[in-house]
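Here the structure is laid out as structure tokens; the discussion comes afterwards.
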Amino acid sequence: MRVDNKFSLLVYAWGSIAGVISGLLSVEVNYGWVIGFVLFFFTDSFIRLFMDELPADAQTRNAILKKAFFGWILFWVYFMMFTYTLGIHFTPQPYNNHSLLSRYVNRT
């Protein structure tokens with residue numbers, strides 16, 4: 001596997017893990033998302049744990065964080081919202097009795 005591809009997969013995996021952690025914490029405490037965002041600063045440690053060779057443009061901690069930011073935040077936000085929504089047992093509430101959602105919920 002190419003080094004860049006492995007780097008990207010590890011960034012996405014760490015963003016997913018951080019998203020699930022912050023989503024679960026957000027169900028219980030209001031500042032759970034902050035704890036999840038703090039996990040971003042451990043991205044370089046996670047990547048160095050699994051990779052012996054780093055991409056040429058990501059040799060230092062700051063370069064790793066800069067290269068990983070957009071991929072990490074995309075997966076973090078997605079999995080945080082998904083886990084939070086499942087954690088609060090969200091059910092949609094129709095505000096219009098003639099909408100498709102209302103028909104689906106009321107089975108009419």
Side-chain angles (χ1 to χ4, degrees):
M1 180 182 282
R2 287 184 38 208
V3 175
D4 288 334
N5 294 347
K6 188 173 181 180
F7 180 85
S8 296
L9 287 175
L10 286 172
V11 167
Y12 301 154
W14 184 242
S16 302
I17 292 167
V20 169
I21 290 170
S22 62
L24 290 174
L25 289 175
S26 294
V27 172
E28 299 298 324
V29 293
N30 291 336
Y31 54 85
W33 64 273
V34 174
I35 295 169
F37 186 73
V38 168
L39 289 175
F40 170 71
F41 297 105
F42 294 99
T43 302
D44 63 319
S45 301
F46 182 78
I47 288 174
R48 289 179 193 264
L49 184 66
F50 293 104
M51 289 186 72
D52 299 329
E53 180 185 353
L54 292 171
D57 57 346
Q59 295 295 322
T60 64
R61 181 178 193 269
N62 289 338
I64 291 172
L65 294 178
K66 185 177 178 181
K67 184 176 174 83
F69 180 73
F70 289 109
W72 183 88
I73 203 159
L74 177 75
F75 277 76
W76 174 64
V77 168
Y78 177 81
F79 280 96
M80 182 183 60
M81 290 295 142
F82 182 70
T83 308
Y84 178 76
T85 302
L86 290 177
I88 63 169
H89 305 291
F90 175 76
T91 54
Q93 299 294 322
Y95 295 105
N96 181 354
N97 291 334
H98 302 293
S99 68
L100 291 174
L101 179 61
S102 176
R103 291 180 188 165
Y104 178 76
V105 170
N106 297 327
R107 304 277 190 232
T108 58

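Fair warning: this is a prediction, and the values are worked out from it, not measured in the lab.
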Exercise. Can any side-chain N or O of Trp14 pair as donor or acceptor with the backbone N or O of Asp44 at less than 3.5 Å?
Worked result: no
Problem set entry | Option from Phe69, Trp76, Phe70, Phe75 for which ring-ring contact (aromatic ring centres under 6.0 Å, His included) with Trp72 holds | Trp76
Exercise. Taking a hydrophobic cluster as the set of Ile, Leu, Val, Met, Phe, Trp and Tyr residues connected by side-chain heavy atoms closer than 4.5 Å, whether directly or through intermediates, do Leu25 and Val38 fall within one such cluster?
Worked result: yes
Exercise. Counting N and O atoms only, with roles assigned by atom type, does the side chain of Gln59 sit under 3.5 Å from a partner on the main chain of Pro55, one being a donor and the other an acceptor?
Worked result: yes
For this session: Measure the spacing between CE of Met81 and CG of Leu86 and express it to the nearest 0.5 Å.
Result: 12.5 Å
Seminar exercise, completed: One should read off an interatomic distance between Ile35 CD1 and Ser22 OG, to the nearest 0.5 angstrom, of 9.0 Å
Exercise. Under the side-chain contact (heavy atoms from CB on, under 4.5 Å) criterion, do Val20 and Met80 qualify, and how do the steps go?
Worked result: CA-CA 5 Å; Val20 169; Met80 182 183 60; over 6 Å; no
Exercise. Any link between Val34 and Phe42 through a network of hydrophobic side chains (Ile, Leu, Val, Met, Phe, Trp, Tyr) touching at under 4.5 Å?
Worked result: yes
For this session: Report the distance from atom CG of Leu39 to atom CZ of Phe46, rounding to the nearest 0.5 Å.
Result: 11.0 Å
For this session: Flag this pair as yes if the NZ/CZ of Lys67 is under 6.0 angstrom from the six-membered ring centre of Phe7 and inside a 45 degree cone about the axis; otherwise no.
Result: yes
For this session: Look up atom CD1 in Ile17 and atom OH in Tyr12, then write down how far apart they are to the nearest 0.5 Å.
Result: 15.0 Å
Exercise. Do Tyr84 and Phe90 make the cut of ring centroids closer than 6.0 angstrom?
Worked result: no
For this session: Mark yes when over 12 heavy atoms from residues, nucleotides or ligands other than Leu49 sit less than 6.0 Å from its CG; otherwise mark no.
Result: yes
For this session: Could you pull out the closest heavy-atom pair between Asp57 and Ala63, with the gap in Å?
Result: O-CB, 3.6 Å
Exercise. Atom OG of Ser26 and atom CD1 of Ile21: how far apart are they, to the nearest 0.5 Å?
Worked result: 11.5 Å
Exercise. Do other residues, nucleotides or ligands put more than 12 heavy atoms under 6.0 Å from Asn5 CG?
Worked result: yes
Problem set entry | Val3 vs Leu54, side-chain contact (heavy atoms from CB on, under 4.5 Å): CA-CA, chis, key distance, verdict | CA-CA 7 Å; Val3 175; Leu54 292 171; 5.6 Å; no
Seminar exercise, completed: Rounded to the nearest 0.5 Å, the OG1 atom of Thr60 sits from the NZ atom of Lys66 at a distance of 9.5 Å
Exercise. Applying the 4.5 Å side-chain criterion to the ILVMFWY set and letting contacts propagate, would Ile88 and Tyr31 be lumped into a single cluster?
Worked result: no
